[in-house]
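Beneath this line is the structure, given in structure tokens, with notes to follow.
Each ligand, and each atom within it, is numbered from 1 in the order the structure gives.
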Amino acid sequence: MSIEIDVLNGDASWPLAEPLFKAVWPSDVVEKQPWGHIKWANADLRVLIEAPSGGLACHVGIYFRTVTWNGRKVDIGGIGGVSTREDCRRHGYASIALNAAIQTMRDHEAVRFALLFCEPHNFAFYRSRGWHPFAGEIYAEQPEGRIRFEAMAPFIFDFSRAPREGVIDLCGLPW
Ligand SMILES: CC(C)(COP(=O)(O)OP(=O)(O)OC[C@H]1O[C@@H](n2cnc3c(N)ncnc32)[C@H](O)[C@@H]1OP(=O)(O)O)[C@@H](O)C(=O)NCCC(=O)NCCS
């Protein structure tokens, strides 16, 4: 079976992704989450997989950011908005989209590692796909100012750097 997979500009492809976001994260569910109040960054690129039956099956957002790690600037990639339509789950779509996102980030030579944030029920999913927990502190911007970001747990995918602890400042909104 062949699948249709695209990597598109984040802003231009938002109208394609929005219905999936609304289905996976309805606003009445989101507002009850510990992260429901967070203001998130917009994706720079989006990996989109079309369902064989039509419509969007899976989405992964890609972010590029110069952050600081222990006070030193470093270019990293971010992953966010990982979501698969309920009737399309457990077919490997998120795994395929994550691999495409990592390959896209690898193509940007400056990217030293990738970072995502997730909830405990997804820890095993990411660990089994090569992501490692980051035990240090994360800081991020919010409309009210700089905050320590603890709403979700950080996981790292190593490229040429493999941070496991220390302080990462996202120098902007989280993803
Ligand atoms: C988490 C989520 C994105 C996974 O999407 P998915 O497309 O179902 O992911 P995959 O199919 O790649 O993998 C899911 C499981 O199905 C299994 N699987 C993959 N292909 C399969 C197949 N053909 N047959 C049976 N099982 C399969 C995988 O092994 C995996 O199991 P594992 O985690 O025990 O290894 C999806 O459940 C989701 O959208 N959840 C709600 C939103 C969310 O929590 N997003 C994460 C934000 S960080």
query: Considering only heavy atoms of V24, which atoms of ligand 1 have at least one such atom less than 4.0 Å away?
result: 41 (C), 42 (C)

message: Quick test of your reading of the model: are D158 and R164 salt-bridged, counting only N-O distances below 4.0 Å?
response: yes

- prompt: Does S95 reach ligand 1 with a nitrogen or oxygen that is under 3.5 Å from one of the ligand's nitrogen or oxygen atoms?
  reply: yes

- prompt: How far is atom 9 (O) of ligand 1 from its nearest protein heavy atom, and which residue and atom name does that atom have?
  reply: A94 CB, 3.3 Å

statement: The closest protein heavy-atom partner of atom 28 (C) of ligand 1 is R129 NH2, 3.5 Å

message: Only heavy atoms of C118, strictly under 4.0 Å: list the atoms of ligand 1 that pass.
response: 48 (S)

- prompt: Parallel, tilted or perpendicular: which describes the rings of H91 and Y93, with under 30° parallel and over 60° perpendicular?
  reply: parallel

Member of W40, F155, W131, F149 meeting the ring pair (Phe, Tyr, Trp, His ring centres under 6.0 Å) criterion with F117: F149

- line: Tightest non-hydrogen contact, residues S13 and R46, listed as OG-CD, 3.0 Å

- prompt: Can R161 be said to sit on top of F113's aromatic six-ring, NZ or CZ under 6.0 Å from centre and within 45° of the ring axis?
  reply: no

query: At under 4.0 Å between heavy atoms, which part of H91 makes contact with ligand 1: side chain, backbone, both or neither?
result: backbone

task: Could you tell me whether the side chain of F64 reaches within less than 4.5 Å of the side chain of L45, counting heavy atoms only?
output: yes

message: List ligand 1 atoms under 4.0 Å from F117, heavy atoms only on the residue side.
response: 48 (S)

